[in-house]
Student: 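Supplied in structure tokens, the structure appears directly below.
Atom set for the values below is all heavy atoms of this structure, side chains included, hydrogens, waters and symmetry mates excluded.
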Amino acid sequence: MTLAENVGLSLEEFTGLRPAQIREVAAFKLALVGLKGFEDYYPSQISGGMQKRAGLARAMALDPDILFFDEPSAGLDPITSHLLRRPHPRACGASLGATIVVVTHELASIFAIGTNSVFLDAESRTVIASGPPTDLRDHSSDPRVRRFLTRGAENGAGRSHG
């Protein structure tokens, strides 16, 4: 199936939209993730990062209230990982009226995407901190949170989040 067919599959199965309307919605969702003009490409014809963005377009097809991403840049090289953050996931969420939940250990994504972050402690299975990532990095009372958000800072990699 082409990218447009992939994105349109759930629309075809779960809505009463006509084929032309489905094609229009699929093209819109692909454009939202930076894949305008790729509607007739097959997944095998595009890069891994583009495939992940096409998957995002497919997930957005039915306008969900919440989108979950579990390590969205896993397996991608740093350049492709950076490109996956464009267009900005918050902008995609805002245009859909959706809340986006991202599970990640990647600092660049945390600071580029996150407006609120939640840190969990595996031992106690509790939330140990929550709030804007930059606030937690700079002011958290929990040294584990500060250490996590500043890892690499001692090598000059700390505050360049972007």
Side-chain angles (χ1 to χ4, degrees), residues 1 3-15 17 22 24-39 41 43 46-122 125-140 142 144-146 148-152 159-162:
M1 291 188 335
L3 299 186
E5 290 168 338
N6 266 287
V7 173
L9 184 63
S10 59
L11 294 166
E12 189 177 314
E13 290 189 22
F14 298 108
T15 72
L17 295 176
I22 290 171
E24 185 178 317
V25 171
F28 174 71
K29 302 298 179 168
L30 287 164
L32 275 178
V33 298
L35 292 175
K36 180 180 171 116
F38 288 89
E39 295 85 359
Y41 281 66
I46 59 176
S47 72
M50 293 170 82
Q51 289 173 1
K52 287 196 178 219
R53 293 195 328 240
L56 170 57
R58 184 175 175 164
M60 295 187 313
L62 292 172
D63 296 327
D65 294 329
I66 301 173
L67 286 166
F68 287 91
F69 297 98
D70 187 7
E71 298 289 354
S73 59
L76 298 177
D77 63 86
I79 293 170
T80 304
S81 179
H82 173 73
L83 292 174
L84 186 60
R85 291 190 295 271
R86 292 185 345 201
H88 204 285
R90 275 192 302 217
C92 288
S95 69
L96 296 172
T99 297
I100 296 180
V101 177
V102 180
V103 176
T104 187
H105 293 85
E106 184 186 57
L107 285 179
S109 291
I110 292 169
F111 289 103
I113 298 171
T115 56
N116 187 37
S117 55
V118 177
F119 288 83
L120 306 173
D121 179 49
R125 297 180 182 203
T126 61
V127 173
I128 58 173
S130 66
T134 52
D135 289 356
L136 292 175
R137 177 196 63 209
D138 298 339
H139 306 292
S140 176
D142 191 313
R144 297 170 295 176
V145 173
R146 287 193 319 276
F148 178 86
L149 290 172
T150 59
R151 66 186 192 269
R159 298 196 187 246
S160 172
H161 305 295

Student: Excluding sequence neighbours, so at least two apart, what forms ring pair (Phe, Tyr, Trp, His ring centres under 6.0 Å) with Phe68?
Tutor: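 Ring pair (Phe, Tyr, Trp, His ring centres under 6.0 Å) list for Phe68, sorted by chain: empty.
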Student: Determine yes or no for a side-chain-to-main-chain donor-acceptor pair under 3.5 angstrom, with Gln51 supplying the side chain and Gly49 the backbone.
Tutor: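 Not confirmed, Gln51 side chain does not pair with Gly49 backbone.
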Student: Would you please name every residue forming a side-chain contact (heavy atoms from CB on, under 4.5 Å) with Leu11, sequence neighbours left out?
Tutor: Thr15, Leu17, Ile22, Val25, Ala61, Leu62
Student: If the condition is salt bridge (Lys or Arg N to Asp or Glu O under 4.0 Å), which residues does Asp121 pass it with, not counting sequence neighbours?
Tutor: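 Asp121 satisfies salt bridge (Lys or Arg N to Asp or Glu O under 4.0 Å) with Arg144 once adjacent residues are dropped.
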Student: Drop me the distance from Glu39's CD to Leu30's CG, to the nearest 0.5 angstrom.
Tutor: 6.0 Å
Student: Once you round to the nearest 0.5 Å, how far does OG1 of Thr104 lie from CG of Asp70?
Tutor: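 Rounded to the nearest 0.5 Å, the OG1-CG separation comes to 9.0 Å.
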Student: Side chains of Leu149 and Leu107: closer than 4.5 Å at any heavy-atom pair?
Tutor: yes
Student: Which heavy atom of Leu9 sits nearest to which heavy atom of Met1, and what is that distance?
Tutor: CD2-CE, 4.0 Å
Student: If I take atom CD1 from residue Ile128 and atom CG from residue Leu120, how far apart are they, to the nearest 0.5 angstrom?
Tutor: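 Reported to 0.5 Å precision, the distance equals 8.0 Å.
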Student: For a 4.5 angstrom cut-off between non-hydrogen side-chain atoms, does Leu3 reach Met50?
Tutor: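 Leu3 vs Met50: side chains apart.
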Student: Once you round to the nearest 0.5 Å, how far does CG of Asp135 lie from CG of Asn116?
Tutor: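 Taking CG in Asp135 and CG in Asn116, the distance rounds to 10.0 Å.
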Student: My understanding is that only residues two or more places apart in sequence, or in another chain, count here; which of them pass salt bridge (Lys or Arg N to Asp or Glu O under 4.0 Å) with Asp63?
Tutor: Lys29
Student: Assess whether side chain to side chain contact (heavy atoms under 4.5 Å, CB included) is satisfied between Val33 and Met60, documenting all intermediate values.
Tutor: CA-CA 10 Å; Val33 298; Met60 295 187 313; 3.7 Å; yes
Student: For residues Ala26 and Val7, report the shortest heavy-atom separation together with the two atoms involved.
Tutor: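 Smallest heavy-atom distance, with atoms named: CA-CG1, 3.7 Å.
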Student: Do Phe148 and Ile110 have side chains that get closer than 4.5 Å, going by heavy atoms?
Tutor: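 Heavy-atom side-chain distance check passes, below 4.5 Å.
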Student: For Arg146, enumerate each residue passing the side chain to side chain donor-acceptor pair (under 3.5 Å) test, keeping only those at least two apart in sequence or located in another chain.
Tutor: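 For Arg146, no residue satisfies side chain to side chain donor-acceptor pair (under 3.5 Å) once neighbours in sequence are set aside.
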Student: Is there a donor-acceptor contact under 3.5 Å from the side chain of Ser130 to the main chain of Ser117?
Tutor: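 No, because the side chain of Ser130 does not come within donor-acceptor range (under 3.5 Å) of the backbone of Ser117.
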